[in-house]
Amino acid sequence: MVIDDLVKRRDSWLLAAEDPAGIVISSRVRLARNLRGCSFPGWAPEDERVRVWQRVRDALGDAMSAEHPVFLEMPELGDVDKEVLKERHLISREIAVQGAGSGVAVSPDEGIAVMINEEDHLRLQGIAPGLNLAAVWDRIDRLDSRLEAKLEYAFSRRLGYLTACPTNVGTGLRASVMMHLSGLRLMDEIEPVMKGLDKLGVAVRGLLGEGTEAYGNICQISNHSTLGESEAAILKGLTEVAREVAGHERNARLRLMQNRQSRARDEIGRAYGVLRHAHVLRSREAIDLLAGLRLGVEFEVVRGLTVGDVNEIMLLSQPGHLQKILGRPLEPDARDEARAAMIREKLSRVTLA
Amino acid sequence: MKCELCQQNEATVHFKQIVDSVAKELFVCAACAAKNGFEIESPTSLTDFLFGMGVQGDVKPPAGDKTCPACGLRREDFDKRSRLGCPTCYETFEEELRPYLEGTHAGTRHAGKVPATEQVSEEIAALREALDKAVARQDFEEAAALRDKVRALQGAAAPDREPA
Ligand SMILES: [Zn+2]
Ligand SMILES: [Zn+2]
């Protein structure tokens, strides 16, 4: 099965560390598109949703033929499979609870995922490691252009691409950059930076998307407005903001090593100690500690581990992946033990400088 | 206009009030207003007036009760779900959405990508206009050239169609 292959992959972009400092984790572009003359998925009766799924599926099969996409319809998937897809950012929580007619097309490299009948008829997503919005946009833009020749999109001259939620109307473009900001947090400077971003019209969210807090020191910044600016302007603006935040983070890390070295070493040492020896680890705790360990890798305090390894452990310690690699569903308590065991094993040869 | 209560006298008094985010409006004559105990000088709430006094005859549905002709979504459905029902809802609820869009986005007009088919239809519209003008001034040579261009573009926009 496809999902079983996914969790064993070691070549996924999710594990790549494009940015050697580990500050920018990934760049994502999402386009919302709908079909002319059809109700939006949340308002359409099931038979209409199923017809849209078939139409879009056929069009996507053609438009993505070079990519050999895999189509997964929600009712075919078990709970653990859906968790895995969510943890890999291939589907949203919203679509996971949908029935017939909702699903996703995924390219084998996981760089493209098109959700069908989520909030909109199509949600085209492109992801790549590092700060790469322009390249990701290029790939999604080309797919979108191939699709528009096969599907008639709901489009208005004045308002652009029409979407179920008016917050997405216009370009339908939401670009986001995921960043690891432990330097700013340890220097207690994260608040002013976040407030500044808000003034620039940039939204800030936690690791798991909308409405989640920033844990593991991982934040996602994204454009707020979708109407009145071109795609190029939105992407350029967000890239500049991400560069600026990365600059602040680099600066904070330098000062951290100069002025608060003990605090940083303490955070890294505690993270290492607990992860290396704990027998029960909750998901949230593991992610926070892995962020500390990651900082140690970035500061070259932790030996025998790369940022890519940390990314992999982070991914595998999430509930869906954990259950998938163990091959059976586990209750939360059993998961916490399995998580600790997996991490102890992965860190068995890792040392501190 | 005629008084909405007696349907006879000319309406001279206009009441408007927001009730549950829906604007209620009433046009009445001075006599009906007085008869219903509605003091023009110190107006009680329109709600009391409408519901407390028992209005005879129909008050026309306020703008807030709009329903999308394409998908049946009502204004109150949008208030509940914060999601529209279909692309046509953007026309149906244009007035209601305008302040929302202005508050949310950098601008009010699309400034991004345009589907290729839309670009063609815009070109065709421009050519048609030029064609009409050419016909009006009896420049049939120009008109024929423009007609050929329109046909060529129509062919490009709908490749499945058999050429005429
Ligand atoms: Zn009257
Ligand atoms: Zn509608």
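All heavy atoms count here, side chains included; hydrogens, waters and symmetry mates do not. Every chain is numbered from 1, with letters handed out A, B, ... down the list of sequences.
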request  = Would you please say whether a donor-acceptor pair under 3.5 Å links the side chains of A:S230 and B:K113?
outcome  = no
remark   = The interface call for B:E102 against chain A, heavy-atom contacts under 4.5 Å, is neither
inquiry  = Nearest 0.5 Å, please: how far is CZ in A:F155 from NE2 in B:H110?
reply    = 4.0 Å
note = Applying a strict 4.5 Å limit to non-hydrogen atoms, the region of B:T104 in contact with chain A is both
note = Pair count under 4.5 Å, heavy atoms only, with chain B: among A:D141, A:L35, A:L173, highest is A:D141
query = With A:V241, which residues qualify under side chain to side chain contact (heavy atoms under 4.5 Å, CB included), at least two apart?
reply = A:L197, A:L200, A:V202, A:I221, A:V245
ask   = About how many Å separate SG of B:C86 and CZ of A:R36, when rounded to the nearest 0.5 Å?
value = 12.0 Å
ask   = Are the side chains of B:C89 and A:F40 in touch, meaning some heavy atoms are under 4.5 Å apart?
value = no
note = Between A:V169 and B:L101, the two heavy atoms sitting closest are CG1-CD2, 3.7 Å
ask   = Is it the backbone or the side chain of B:A70 that comes under 4.5 Å from a heavy atom of chain A, or both, or neither?
value = neither
task = For B:Y90 and A:T163, indicate whether the former's side chain and the latter's backbone hold a donor-acceptor pair under 3.5 Å.
result = yes
inquiry  = Looking at B:E91 and A:R158, is any side-chain nitrogen of the basic one under 4.0 Å from a carboxylate oxygen of the acidic one?
reply    = no
ask   = For A:I234, is it the side chain, the backbone, both or neither that has a heavy atom under 4.5 Å from a heavy atom of chain B?
value = neither
remark   = Correct closest heavy-atom pair for A:Y161 and B:V114 would be OH-C, 4.0 Å
query = Partners of A:E244 by salt bridge (Lys or Arg N to Asp or Glu O under 4.0 Å), sequence neighbours excluded?
reply = none
query = Does A:E148 reach the main-chain N or O of B:T117 with its side chain, forming a donor-acceptor pair under 3.5 Å?
reply = no
task = Please check if the side chain of B:R81 supplies one atom and the backbone of A:G42 the other of a donor-acceptor pair under 3.5 Å.
result = yes
query = Does B:H105 reach the main-chain N or O of A:P166 with its side chain, forming a donor-acceptor pair under 3.5 Å?
reply = yes
ask   = Quick check: does any side chain N or O of A:W43 sit under 3.5 Å from a backbone N or O of B:C71, one acting as donor and the other as acceptor?
value = yes
ask   = Do you know which of A:E119, A:R157, A:E152 has the most heavy-atom pairs with chain B at a distance under 4.5 angstrom?
value = A:R157
message = Under a 4.5 Å cutoff for heavy-atom pairs, which residue among A:C38, A:A233, A:A154, A:P41 has the most contacts with chain B?
response = A:C38
ask   = Of the listed residues (A:G170, A:C165, A:A44, A:A149), which shares the most heavy-atom pairs with chain B below a 4.5 Å separation?
value = A:C165
Exercise: identify the closest heavy-atom pair between A:E231 and B:G112 = OE1-CA, 3.3 Å
